[in-house]
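The structure appears right after this line, and notes come after that.
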Amino acid sequence: MSCHASEYDAPFSRVPRVWTLTAPAPFADETSCQCQAPHEKLTIAQARLGTPVDRPVRVYADGIFDLFHSGHARALMQAKTLFPNSYLLVGVCSDDLTHKFKGFTVMNEAERYEALRHCRYVDEVIRDAPWTLTPEFLEKHKIDFVAHDDIPYSSAGSDDVYKHIKEAGMFVPTQRTEGISTSDIITRIVRDYDVYARRNLQRGYTAKELNVSFINEKKYRFQNQVDKMKEKVKNVEERSKEFVNRVEEKSHDLIQKWEEKSREFIGNFLELFGPDGAWKQMFQERSSRMLQALSPKQSPVSSPTRSRSPSRSPSPTFSWLPIKTSPPSSPKAASASISSMSEGDEDEK
């Protein structure tokens, strides 16, 4: 166990140590010295009160931590914040031990170690951690409490590998995060295997690297081509929809403008040619002027009407129709006709 210079500084300080945030957490077996702090027996109640005063409470959490995810990080956060002043040690089991008792992992042990070193809640990483905790291991690393979820963990021929820790009063439970686990992630990959295989083929991985047969490789590549064509068709449809929408918007604007112009035109027309329009008034004025010009006013009669005697017969009515007369044959005849006309006039008088 490392005895980092700042490990026991300010035992009651809740401010994270700077080195845990600016550098990866150290490995327990790469430090130059072992922890020499006194290790008296603590109860959970004492630890929650902030005792002992000369050192932090050493909390241990272990696991496989394959495909490190938010559920792992939340469990470590809970283990780190169980007590006011704590130092979190995380044990990670090796590949050999994990494959023997649990099964094959996606990430190898080196990758899993590095994932834990870069978690902000981890103060120290213990590589090749034991599957079952022994008193010797607990004493070696000066572990006060072990943090894990309270669900019985059956493995290695035991119904619960943490049973003896619980009986010793050193077990502190944490809460699992529902909806996320390594098994859930692997299940998603297996369920959508074809999708991920096709995606990796597109990214340049070979069929051999993906452990894909020749027939499946051709099938996946053909499906990729079909998907590309679908994507092109989808893009064309989206563009056509955008074009149609634009046309509809423009046509709507055009119709609206046309309606406004038509209303304006009808209003102007009615104002000009309506019942009380300007055109009617102008027509009436011109009509009255034309009537005055065609039929002027008669002059008034100033002289009184002459009275006629009842005995006198009215003057004969003369016809104004032209009378056809033959032209005079000689000057003498012409003078004779003129004289006869004058005589007639005298007789009329």
Atom pair OG (S181) and CG (D66), whose distance is rounded to the nearest 0.5 Å: 11.0 Å
From the options F171, F145, Y87, F137, select the one residue that forms a ring-ring contact (aromatic ring centres under 6.0 Å, His included) with Y60. F137
Could you tell me if the side chain of E231 sits less than 4.5 Å from the side chain of N235, heavy atoms only? yes
Any donor-acceptor N/O pair, D95 side chain to E109 backbone, under 3.5 Å: yes
Hey, what do you get for CG (N216) to CD (Q223), rounding to the nearest 0.5 Å? 9.0 Å
Between the OG atom in S240 and the CG atom in N245, the distance rounded to the nearest 0.5 Å is 9.0 Å
To the nearest 0.5 Å, what is the distance between CG (D150) and NZ (K166)? 4.5 Å
Output, in order, the C-alpha distance, side-chain angles, deciding distance and verdict of side-chain contact (heavy atoms from CB on, under 4.5 Å) for I44 and F83. CA-CA 9 Å; I44 295 177; F83 308 109; 4.2 Å; yes
Using every non-hydrogen atom in the two residues, find where L201 and T206 come nearest and quote the distance to one decimal. CD2-C, 4.3 Å
Between V233 and F243, is there shared hydrophobic-cluster membership here, with clusters defined by ILVMFWY side-chain heavy atoms closer than 4.5 Å? no
Is there a path of hydrophobic side-chain contacts, each under 4.5 Å between heavy atoms, that joins Y162 and I126? yes
So, the side chain of H164 versus the backbone of L133: is there a donor-acceptor pair under 3.5 Å, distance only? yes
Identify whether I189 and M107 are in the same connected component of the hydrophobic contact network (ILVMFWY, side-chain heavy atoms under 4.5 Å). yes
Working to the nearest 0.5 Å, report the span between OH of Y205 and CZ of R199. 9.0 Å
Please check if V212 and F222 belong to a single hydrophobic cluster, counting links between Ile, Leu, Val, Met, Phe, Trp and Tyr side chain heavy atoms closer than 4.5 Å. no
For the side chain of K80 and the backbone of V122, is there at least one donor-acceptor N/O pair under 3.5 Å apart? no
NZ/NE/NH1/NH2 to OD/OE distance under 4.0 Å, R117 and E114: yes
How close do H141 and A28 get, heavy atom to heavy atom, and via which atoms? CE1-CB, 4.4 Å
Does the distance from a Lys or Arg side-chain N to an Asp or Glu carboxylate O, for R221 and E217, drop under 4.0 Å? yes
Hey, are the side chains of L138 and I165 touching, using non-hydrogen atoms and a 4.5 Å cut-off? yes
Could you state the interatomic distance from CG (D184) to NE2 (H69), rounded to the nearest 0.5 Å? 8.0 Å
When every non-hydrogen atom of L82 is compared with those of A147, the smallest separation belongs to CD1-CB, 4.0 Å
Within the 4.5 Å heavy-atom criterion, are F101 and V161 side-chain neighbours or not? no
Least distance between heavy atoms, A79 atom then T174 atom: N-CG2, 4.2 Å
Is any side-chain heavy atom of Y113 less than 4.5 Å from a side-chain heavy atom of S94? yes
Looking at E259, I want to see if its CD is surrounded by more than 12 non-hydrogen atoms of other residues, nucleotides or ligands under 6.0 Å. yes
Are I64 and F104 connected in the hydrophobic side-chain network, where two residues link if heavy atoms are under 4.5 Å apart? no
Distance alone, cut at 3.5 Å: any donor-acceptor contact between the side chains of N200 and Y220? no
So do L116 and L76 actually touch side chain to side chain, heavy atoms under 4.5 Å? yes
Are the side chains of E111 and V106 in touch, meaning some heavy atoms are under 4.5 Å apart? no
Checking D123 side chain against L89 main chain: does a donor-acceptor pair fall under 3.5 Å? no
Above 12 or not: heavy atoms from other molecules or residues under 6.0 Å from NZ of K250? no
Would you call R55 and D144 a salt bridge, taking side-chain N to carboxylate O under 4.0 Å as the test? yes
Please find the pair of heavy atoms, one from C93 and one from P130, that lie closest to each other, and give the distance. SG-O, 4.2 Å
Take atom CD in Q175; do more than 12 heavy atoms of anything else shown fall under 6.0 Å from it? no
Are the side chains of V92 and R127 in contact, using a 4.5 Å heavy-atom criterion? no
Under 4.5 Å between any side-chain heavy atoms of T98 and R112, yes or no? yes
Closest non-hydrogen atom pair between D159 and P152, with its separation: O-CB, 4.1 Å
